[in-house]
> 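Please read through the structure below; I'll follow up with questions.
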Amino acid sequence: TNMDGGGLVMALKVELKPGERIIVGDSVITNDNQRTRLFIEGQAPILREKDILTPATADTPAKRIYLAVQLMYLSADIEKIKDDYFTLVNDIIRAAPSTIPYVTKVSNSILGGAFYKALKEAKKLIEYERTLIGHVQAGSTGISESESGRRFAAGAGSDDPDEGGR
């Protein structure tokens, strides 16, 4: 840590496994063949390999929303991506209205410029989507879309101890 303009600046500590990749700003850094610990200071966007989606791996509506948020987080020019994002949001809300509480948290974070927090909220949307798909695939007729929305919406992300982002 160091003093910078009167405020305390904390470095982000990142541990990389052998061969693991990380995005820092617009650069991809690939670790060599041993564990490495990095301390990163500054405002560049940082994403670990496990948190990165590609167009090929964004194969569900929620994952496509996550990908759009990821692109906004990493990009300097977010206006075009924002249009795509809101189209995707409208599509998922039409298909599954119970996603509204999740989508609202993602959108509020984006509108506030907190893209890393938006990514974390989009991850919760992906998890929720997985439970919805699970109910459909299990042939569960005992839970309707609207009932599941009421059941899950009450606690949608509000119990996150890490609320507040970085």
> Does L111 share a hydrophobic cluster with V89, counting links as ILVMFWY side-chain heavy atoms below 4.5 Å and allowing steps through other members?
yes
> For the backbone of I93 and the side chain of N90, can you confirm whether one donor and one acceptor N or O come within less than 3.5 Å of each other?
no
> Do Y85 and I65 come within less than 4.5 Å of each other through their side chains, counting heavy atoms only?
yes
> Quick one: salt bridge (Lys or Arg N to Asp or Glu O under 4.0 Å) partners of D51, sequence neighbours excluded?
K123
> Any side-chain to backbone donor/acceptor pair from T30 onto V28? Under 3.5 Å, distance only.
no
> Please list all pairs meeting salt bridge (charged side-chain N to carboxylate O under 4.0 Å, His left out) that have one or both residues in residues 106-116, counting only residues at least two apart or in different chains.
none
> What's the separation between atom CD1 in I40 and atom CD1 in I29, rounded to the nearest 0.5 Å?
6.5 Å
> Can you list everything that forms a side chain to side chain donor-acceptor pair (under 3.5 Å) with T104? Sequence neighbours excluded, please.
none
> Mind listing the closest non-hydrogen atom pair of P101 and S98 along with its distance?
CD-O, 3.3 Å
> What closest approach, in Å, do I110 and A118 show between heavy atoms, and which atom pair accounts for it?
CG1-CB, 3.8 Å
> Looking only at side-chain N and O atoms, does T60 offer a donor or acceptor that is under 3.5 Å from a partner on E129?
yes
> Atom CZ of R64 and atom CG of D84: how far apart are they, to the nearest 0.5 Å?
12.0 Å
> What's the shortest heavy-atom distance between I92 and A62, and which atoms?
CD1-N, 3.8 Å
> Please list all pairs meeting salt bridge (charged side-chain N to carboxylate O under 4.0 Å, His left out) that have one or both residues in residues 22-32, counting only residues at least two apart or in different chains.
none
> Looking only at heavy atoms, which two atoms of A122 and V106 are closest? And how far apart?
N-CG2, 3.5 Å
> Residues two or more places apart in sequence or in another chain: which of them pass side-chain contact (heavy atoms from CB on, under 4.5 Å) with K17?
E20, R35
> Nearest 0.5 Å please: distance from the CD atom of E121 over to the CZ atom of F115.
14.5 Å
> Return the orientation label for the Y128 and Y102 ring planes: parallel under 30°, perpendicular over 60°, tilted otherwise.
parallel
> Quick one: side-chain contact (heavy atoms from CB on, under 4.5 Å) partners of E79, sequence neighbours excluded?
D77, K82
> Between atom CD1 of I81 and atom CZ of F86, what is the distance when rounded to the nearest 0.5 Å?
12.5 Å
> For A58 and L67, which heavy atoms make the closest approach, and how far apart are they?
CB-CD2, 3.9 Å
> If you round to the nearest 0.5 Å, how far is NZ of K63 from OG1 of T54?
10.0 Å
> Of the non-hydrogen atoms in A44 and G25, which two are nearest, and what is the gap between them?
CB-N, 3.9 Å
> Determine whether L125 and I133 fall in the same hydrophobic cluster, where Ile, Leu, Val, Met, Phe, Trp and Tyr are linked whenever their side-chain heavy atoms lie under 4.5 Å apart.
no
> Identify whether the distance between the nearest side-chain nitrogen and carboxylate oxygen of R130 and E127 falls below 4.0 Å.
yes
> Does any N or O in the side chain of R48 come within less than 3.5 Å of the main-chain N or O of L16, such that one atom is a donor and the other an acceptor?
no
> Can you tell me how far NZ of K50 sits from CD1 of I22, rounded to the nearest 0.5 angstrom?
10.0 Å
> I'd like to know if the side chain of Y73 and the backbone of I46 have a donor-acceptor N/O pair within less than 3.5 Å.
yes
> With distance as the sole test, does T57 use its side chain to make a donor-acceptor pair with the main-chain N or O of L53 at under 3.5 Å?
no
> Side chains of L47 and L119: closer than 4.5 Å at any heavy-atom pair?
yes
